[in-house]
There are 2 protein chains.
Amino acid sequence: MWKNVGMPTPRERARERTLAEIRSLAWLQVEEVGPAALSLRGIARDLGVVSSAIYRYVSSRDDLLTELLVAGFSDLAEAVERAESVVPREAYRERWLTICRTMRAWALGRPAAWGLLYGGPVPGYNAPQQTTAVPGARVLLQQGAVLIEAQAAGRLRPRIGPAGDLGEVPAVLRAELEAAAAAFQLEVGAELVALGILGWTISVAVISSEVFEQLGPDAIAARDQLAELQFASAADALGL
Amino acid sequence: MWKNVGMPTPRERARERTLAEIRSLAWLQVEEVGPAALSLRGIARDLGVVSSAIYRYVSSRDDLLTELLVAGFSDLAEAVERAESVVPREAYRERWLTICRTMRAWALGRPAAWGLLYGGPVPGYNAPQQTTAVPGARVLLQQGAVLIEAQAAGRLRPRIGPAGDLGEVPAVLRAELEAAAAAFQLEVGAELVALGILGWTISVAVISSEVFEQLGPDAIAARDQLAELQFASAADALGL
DNA sequence: CAGAAGCAAGAGCGCCGCTCTCAATTGCGC
DNA sequence: GCGCAATTGAGAGCGGCGCTCTTGCTTCTG
């Protein structure tokens, strides 16, 4: 009936090897020239093959870009999960800081990849939300989990809001934030969601401004110290 | 001896008009397709002229991009300065919030322009630091001025640091931050510089995450409220 | 072993930035 | 007022891009 179930034919093996090589060359190119300049023709050249042959393996440039995008999100998320999992569960601040530090290390190691994930939009390319949303949210949720657990343990004392109490969230926004949390099977208050988004935004921003050199190249030599200080400040503000 | 000093010849006038038209078309294109897809050929088409003729007016695509970059920074800075100048000098928090709100309004009005200024790097294009640094720093300095004046007035109570005192800045970083401030003829402590950078980073990030739809398109309908809440939180953390 | 499936190659379309040459206009200095 | 020179636009062309289609060749399969 069914022969060779799960056992790849030689053809499939060859195809898979070629695909892997294409992905690898694509990452190299992204790191070298940036995501927006990713060129299928260039990959074909590196592969030693005529340009049209690439289209046997990837349906379009955008398709390849999407694949890299989810791979990048997943790789980052896994690195973060690995690093965070070894710090004591009740060391909430350290867990949050570890997530940030790991994100930063990943970003510094492959800056163009970070640009692909969190940089401005690649011109002419619209990431298919359906495909990228879930992997893209993993790190955010990881950060959120720390806040949720810290709050549950009574170890979250946010320093923002009129009286260090997060202030009040307007009704419309409140409903929306709680709905957003519910979409991830989370039952948390709007204030905590807002806090999570703020923390997330800050951490991404601190890293992006360093990776993209938005304060100018070589503006700060003591980059590590500055990043550490900013992460710590954010953790302070969040109340970890 | 010198005739027509400062009085443009007809040729110069014509040239200037063409240049202005090119710049205007370039902005239109940036808004439509994004900075990285800015095309000189496209501008030539819109201008009703053959592609090579463009090079009589702009030396290269990168050159045009740089010009737009500087113009964008300046336009944003002027909008911010205009808006901030009408709020009472001693209403520090309101001044800072006004700067943020104006930045956001500008960004929402011309998202691609914001992308050009603060998005990821345009592939293959390196902004000449020398040309863009000064205009690029204007808004940051505007924010910084508010913090400095607030501190001088004893109206700055940062809520970050171990005891709400900004913590301590490591020596190496401290020296660098103070030097950076000195480069702008500012004599301020490293802690305040760090605070300023943090505030700047957060405000840019809040806006970018909205403009670039990094939480997904239409993720939040109550965008205004969320932005306002985040700006307020940041102001709280900064101690305004 | 024949046929089907998979594959690489090549030519080609329209787009891009940019260069070079050549002719026409146009405004300047005399 | 006019000749000359500077300025301008057009055209052709180079190499690069994404992508399509046709044409043969290989390789696996029934």
Side-chain angles (χ1 to χ4, degrees), chain A residues 1-22 25-26 28-30 32-68 122-127, chain B residues 1-22 25-26 28-30 32-68 122-127:
Chain A
M1 199 87 200
W2 356 260
K3 50 196 316 195
N4 298 337
V5 175
M7 201 194 303
T9 69
R11 263 210 171 128
E12 286 170 339
R13 288 177 41 78
R15 184 180 180 80
E16 205 45 59
R17 262 191 314 141
T18 308
L19 261 169
E21 199 166 354
I22 288 177
L25 289 172
L28 284 183
Q29 244 195 53
V30 167
E32 265 172 27
V33 295
L38 175 68
S39 143
L40 293 190
R41 280 184 125 106
I43 294 176
R45 251 194 316 277
D46 295 352
L47 206 65
V49 99
V50 89
S51 77
S52 61
I54 284 292
Y55 290 86
R56 297 271 169 205
Y57 298 93
V58 329
S59 65
S60 75
R61 177 178 174 274
D62 285 10
D63 220 57
L64 180 56
L65 226 32
T66 302
E67 208 177 310
L68 297 183
V122 175
Y125 168 69
N126 273 312
Chain B
M1 199 84 201
W2 358 260
K3 52 197 316 194
N4 300 336
V5 175
M7 200 194 304
T9 69
R11 268 216 168 123
E12 286 170 339
R13 289 177 38 76
R15 184 180 181 79
E16 206 44 60
R17 262 189 315 140
T18 309
L19 260 169
E21 199 167 354
I22 287 177
L25 289 172
L28 284 183
Q29 242 193 56
V30 167
E32 266 172 26
V33 296
L38 177 68
S39 144
L40 292 190
R41 281 185 123 106
I43 294 175
R45 251 194 315 276
D46 295 351
L47 206 66
V49 100
V50 88
S51 78
S52 62
I54 283 292
Y55 290 86
R56 297 279 174 205
Y57 297 92
V58 32
S59 66
S60 75
R61 177 178 174 275
D62 284 10
D63 221 57
L64 180 55
L65 227 30
T66 301
E67 209 177 308
L68 297 183
V122 176
Y125 167 70
N126 273 312

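On a predicted model such as this, the values are computed, not experimentally measured, just so you know. We name chains A, B, ... by the order of the sequence lines, and we start the count at 1 in each one.
Contact annotation for B/S60: backbone-only contact, meaning every heavy-atom pair under 4.0 Å involves sugar-phosphate atoms and none involves a base. Contact annotation for A/L38: backbone-only contact, meaning every heavy-atom pair under 4.0 Å involves sugar-phosphate atoms and none involves a base. Using a 4.0 Å heavy-atom distance criterion, A/L64 is classed as making no nucleic acid contact. Nucleic acid contact for A/V50: base, since at least one base atom lies under 4.0 Å from a heavy atom of the residue.
Taking atom OH of B/Y55 as the reference point, atom P of D/dA10 lies 15 Å away to the nearest angstrom. When the P atom of C/dC18 is taken as reference, atom CG of B/D63 falls 9 Å away, rounded to whole Å. Whole-Å rounding puts the B/R61 CZ to C/dC15 C1' distance at 13 Å. At whole-Å resolution of the value, CD1 in A/I22 and C1' in C/dA8 are 13 Å apart.
We find the CG-CG distance between A/L68 and A/L64 to be 4.5 Å, quoted to the nearest 0.5 Å. In this structure, the separation between OG1 on A/T18 and CZ on A/R13 is 11.5 Å, given to the nearest 0.5 Å. Here the straight-line distance linking atom CG of B/L65 with atom CG of B/N126 works out to 11.0 Å at 0.5 Å rounding. Summarising the geometry, atom CD belonging to A/E67 is positioned 9.5 Å from atom CD1 belonging to A/I22; distances are rounded to the nearest 0.5 Å.
Note on A/Y57: a side-chain N or O is less than 4.0 Å away from OP1 or OP2 of C/dA8. Under 4.0 angstrom from either OP1 or OP2 of D/dT8 there lies at least one side-chain N or O belonging to B/R15.
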Between the protein and nucleotides 20-26 of chain C, which nitrogen or oxygen pairs come in under 3.5 angstrom?
unit_1, atom_1, unit_2, atom_2, d
C/dT26, O2, B/R11, NH2, 2.8

Indicate every side-chain donor-acceptor pair of residues 35-46 of chain B with a distance under 3.5 Å to a residue at least two apart or in another chain.
unit_1, atom_1, unit_2, atom_2, d
B/S39, OG, B/R41, N, 3.4
B/S39, OG, B/G42, N, 2.7

Taking only distance into account, with no hydrogens and no angle test, what donor-acceptor pairs under 3.5 Å do side-chain atoms of residues 47-60 of chain B form with protein atoms, sequence neighbours excluded?
unit_1, atom_1, unit_2, atom_2, d
B/S59, OG, B/D63, OD2, 3.2
B/S60, OG, B/D62, N, 3.4
B/S60, OG, B/D63, N, 3.1

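Within residues 39-48 of chain A, the residues that place at least one heavy atom under 4.0 Å from DNA chain C are, in residue-number order, A/R41.
Checked against salt bridge (charged side-chain N to carboxylate O under 4.0 Å, His left out), A/E16 has the following partners two or more places apart in sequence or in another chain: A/R23.
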